[in-house]
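Worksheet for the structure shown next.
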Amino acid sequence: MLAVIFAGQGSQEKGMGEEVFGRYPGLVQFASDVLGYDLVSLCTEDPDGLLARTEYTQPALYVVNALRYFERVHGEDRTADFLLGHSLGEYNALLAAGVFDFETGLRLVAKRGELMAAASEGGMTAVMNTPADQLLKLLAEDGVDGVDIAGLNTGSQIVIAGTPPVLAAAHECLKRREIRFVQLKVSAPFHSRYMEPARVRFAEFLTGFSFAEPAIPVVSNVTGRPYEPGQAVRMLTEQLVSPVRWTDSVRMLLDGDDGLEFAEIGGLSLTNMVFKIRAGV
């Protein structure tokens, strides 16, 4: 059994896509026309320093992930038995499962990136070796309110989100207790209550599209379980305000087949997480 996994925001880097852009000139030009800027220049040269901005990062990563997956299919690699992606990567999983076509996915992630970038000021922080319930208890003891759990990446790493003052207070709490943390290079508190304005507007945007049922099971970030029939719109809107349940997603697959193999599109960060989850770290 094989699960193909797709990296999300944070995996972008200058030079990405160079190995595939030349093989899909029509799709690349189409994507550039839809987005209104030179996608190849953005990804390979990033002359204006825009690649790290959410509204540019998300469509750029979607396209690169898609082309890399198309290369995998054309190379007649093993067909996936399951598909899953981390945050933005879930859109590539849905594309690979036939839930929507390349153009629809591109328009969805472009709007998603625009709304998420505009929704709120704030940020996210990765916290090490502290379970979510214990962390929330420690924050409450210090009177820190407004922190949301935004990601459950492995047994040893969770991600929190909040406004700048909230995160600053959380960081002080963590420092006092000598808990290791790393502030992430993102511009907003994704996957938290602070994305509610984006969720509302994105839900309205999704009414203009139709979605097929997955031809291959896709594991949802929201539930850590495969998509159920007719749930695409709800899952995609709830994903904006819900934590990414990556640990639950991977454990669910491993419980069904401990020998399951994983193939990552877009780097090795998720593969490393899978290794830690499998090892019980």
Side-chain angles (χ1 to χ4, degrees), residues 6-13 16 31 34-37 39 42-43 46 48-66 84-95 99-100 104-126 146-153 158-164 166-167 183-209 211 220-222 232-246 266 269-270:
F6 297 87
Q9 194 164 345
S11 64
Q12 73 274 6
E13 60 181 353
M16 70 178 190
V34 168
L35 297 172
Y37 50 81
L39 187 66
L42 173 70
C43 292
D46 192 21
D48 302 310
L50 299 176
L51 186 58
R53 287 175 49 178
T54 296
E55 62 268 41
Y56 290 92
T57 305
Q58 295 197 15
L61 268 176
Y62 168 81
V63 172
V64 172
N65 279 348
L84 60 160
H86 195 283
S87 190
L88 171 76
E90 188 164 305
Y91 285 78
N92 287 104
L94 293 168
L95 170 65
V99 174
F100 45 68
T104 297
L106 179 61
R107 295 187 184 279
L108 293 180
V109 298
K111 188 66 172 180
R112 181 182 187 267
E114 171 193 325
L115 293 174
M116 290 177 73
S120 174
E121 291 186 359
M124 305 174 76
T125 295
V147 170
D148 280 0
I149 302 299
L152 299 152
N153 286 339
I158 63 174
V159 177
I160 60 174
T163 61
V166 165
L167 281 184
Q183 190 161 5
L184 304 182
K185 295 180 180 179
V186 296
S187 59
F190 305 143
H191 302 290
S192 74
R193 74 186 83 173
Y194 304 103
M195 289 291 108
E196 179 60 19
R199 186 199 68 78
V200 172
R201 292 186 62 189
F202 195 52
E204 295 172 353
F205 182 72
L206 289 178
T207 61
F209 299 88
F211 301 93
S220 166
N221 287 177
V222 175
V233 171
R234 186 172 78 85
M235 290 297 100
L236 293 180
T237 53
E238 289 301 315
Q239 190 208 47
L240 293 176
V241 295
S242 301
V244 175
R245 297 187 178 279
W246 188 253
S269 59
L270 299 183

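Side chains included, hydrogens not; waters and symmetry mates left out as well; all remaining heavy atoms used. Since the model is a prediction, treat every value here as computed from it, not as a measurement. Numbers here simply count residues along the sequence, with the first being 1.
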### Query
Does any pair with a residue in residues 51-62 pass salt bridge (charged side-chain N to carboxylate O under 4.0 Å, His left out), and if so which ones, sequence neighbours excluded?
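Pairs touching residues 51-62 that pass the test: Arg53-Glu55.
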Output yes when a side-chain donor or acceptor of [X] lies under 3.5 Å from a complementary backbone atom of [Y], and no otherwise.
X      : Y      : value
Glu90  : Asn221 : yes
His191 : Val241 : no
Asp46  : Leu51  : yes
Ser242 : Gln239 : no

Any side-chain heavy atom of [X] within less than 4.5 Å of one from [Y]?
X      : Y      : value
Leu61  : Met16  : yes
Ile160 : Leu167 : yes
Leu35  : Leu106 : yes
Tyr91  : Phe6   : no

### Mutual orientation of the aromatic rings belonging to Tyr56 and Tyr37 [parallel < 30°, tilted 30-60°, perpendicular > 60°]
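Judged by the thresholds at 30° and 60°, the geometry between Tyr56 and Tyr37 is tilted.
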### Query
Considering the options Lys111, Arg112, Glu114, which one meets the side chain to side chain contact (heavy atoms under 4.5 Å, CB included) requirement together with Gln58?
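Of the listed options, the one satisfying the test is Arg112.
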### Message
If the threshold is 4.0 Å, N to carboxylate O, is there a salt bridge linking Glu196 and Arg199?
### Response
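Counted as a salt bridge, because a side-chain N and a carboxylate O are separated by less than 4.0 Å.
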Output side-chain donor-acceptor pairs under 3.5 Å for residues 201-208, partner residues at least two apart or in another chain, one line each.
unit_1: Thr207; atom_1: OG1; unit_2: Glu204; atom_2: O; d: 2.6

### Task
Go through the steps for His86 and Asn153 under the test side-chain contact (heavy atoms from CB on, under 4.5 Å), then give the verdict.
CA-CA 9 Å; His86 195 283; Asn153 286 339; 2.9 Å; yes
### Query
When you check the side-chain N and O atoms of Gln9 and Ser87, is any donor under 3.5 Å from an acceptor?
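No, no side-chain donor-acceptor contact under 3.5 Å.
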